[in-house]
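Quick notes on the structure that follows.
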Amino acid sequence: MIHSAGITVTPVHVGDLAGVDLPIYVHLIDHPAGRVLVDTGLTERHPAVADLDPQLHPLSEQDLDLASVDMVVNTHLHFDHCGGNHLFSGTPIYVQRQELDDARQQDDYTIREWVDPPGATAAYVPVDGEFTLLPGVRLVPAPGHTRGSQIVVIETDHGPIVIAGDTAVFAGELDDPQTEGQRLIRALEPGLVWMSHQREPWRPAR
Ligand SMILES: [Zn+2]
């Protein structure tokens with residue numbers, strides 16, 4: 001989808017959590033100054049999440065040149081958002097420092113070996129608060145789903161586009177925002193909000 005100033009956002013379906021009937025999407029931002037991948041899905045199954053019955057369409061088996069990705073953003077580090085990080089060894093991965101600390105230190109937070117794959121060098125760039133990634137593209141902390149969650153905000157002529165990760169899992173949550181992160185998204189007056197587990201973006205009521 002072309003938004004403005006040559007920036008496009010493309011949702012990529014990387015699997016499903018069949019056990020809870022939710023698709024998993026990552027989002028590719030093509031910007032004149034670089035290509036950004038927001039979240040990485042997952043590439044394998046794991047006993048710790050067998051009850052969610054993940055079905056896989058990993059990035060490594062799609063028509064996407066992984067080497068064309070200049071930077072990766074993790075909205076947060078739950079397993080279904082960082083399970084493809086190992087495909088991007090050496091590529092900078094922007095994540096809030098709080099999120100990285102929690103994922104590395106708290107038990108049962110995520111699948112830790114997907115955050116720090118053995119033998120691979122995950123080039124995390126810990127971010128403290130708001131951060132401008134590219135002109136018109138910034139990272140904004142959005143606590144709620146996790147305390148270290150962040151969203152990606154893309155400025156356009158028609159209001160910002162937001163890539164929300166799991167700050168809202170269901171579109172209806174943005175109609176009646178409850179968490180700090182959800183209220184922040186609404187306060188931005190976005191034209192469009194992409195979510196990790198919804199096929200269609202949320203749009204404000206006219
Ligand atoms: Zn998720």
Side-chain angles (χ1 to χ4, degrees), residues 9-29 36-60 62 72-88 93-96 98-104 106-117 122 124 127 139-153 161-175 177-182 184-185 190 192-202:
V9 177
T10 308
V12 182
H13 182 220
V14 295
D16 296 277
L17 299 174
V20 289
D21 199 23
L22 290 175
I24 306 168
Y25 285 88
V26 301
H27 294 88
L28 202 56
I29 304 169
V36 182
L37 178 67
V38 183
D39 289 332
T40 61
L42 68 175
T43 65
E44 56 188 294
R45 296 167 69 91
H46 191 285
V49 294
D51 56 327
L52 295 171
D53 190 18
Q55 306 293 312
L56 310 175
H57 312 284
L59 284 172
S60 47
Q62 302 214 18
V72 173
V73 172
N74 282 133
T75 59
H76 63 300
L77 291 171
H78 283 165
F79 75 96
D80 51 326
H81 299 258
C82 72
N85 282 13
H86 66 95
L87 300 172
F88 299 95
I93 302 177
Y94 293 82
V95 63
Q96 290 289 320
Q98 178 75 68
E99 184 69 18
L100 190 58
D101 288 349
D102 286 346
R104 284 174 167 165
Q106 292 186 17
D107 291 334
D108 302 323
Y109 191 88
T110 186
I111 297 171
R112 199 170 289 155
E113 64 262 35
W114 293 3
V115 175
D116 288 305
Y124 287 109
V127 177
L139 310 178
V140 180
H145 182 68
T146 68
R147 62 178 174 171
S149 283
Q150 64 183 354
I151 59 174
V152 183
V153 181
I161 304 303
V162 172
I163 301 175
D166 284 358
T167 297
V169 175
F170 300 98
E173 294 176 71
L174 290 173
D175 295 326
Q178 300 290 332
T179 68
E180 181 181 345
Q182 290 167 1
L184 182 143
I185 289 173
L192 198 68
V193 181
W194 295 100
M195 292 160 281
S196 299
H197 299 293
Q198 297 296 317
R199 287 178 185 82
E200 299 293 331
W202 178 89

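Each ligand, and each atom within it, is numbered from 1 in the order the structure gives. One-based numbering along the sequence shown.
Counting only protein N, O or S atoms closer than 2.8 Å to the Zn ion (ligand 1) gives 4.
Proximity of H13 to H57: side-chain heavy atoms (C-beta onward) are separated by under 4.5 Å at one or more points. When side chains are defined from C-beta on, H197 counts as touching D80, because their heavy atoms get closer than 4.5 Å.
Scanning for ring pair (Phe, Tyr, Trp, His ring centres under 6.0 Å) contacts around Y124 gives an empty result, with sequence neighbours left out. For H78, the ring pair (Phe, Tyr, Trp, His ring centres under 6.0 Å) test picks out H76, Y109, H145, with sequence neighbours left out. With sequence neighbours excluded, the residues that form a side-chain contact (heavy atoms from CB on, under 4.5 Å) with R147 are Q98, D102, Q106.
Nearest heavy-atom pair across V26 and G41 is CG1-N, 3.4 Å.
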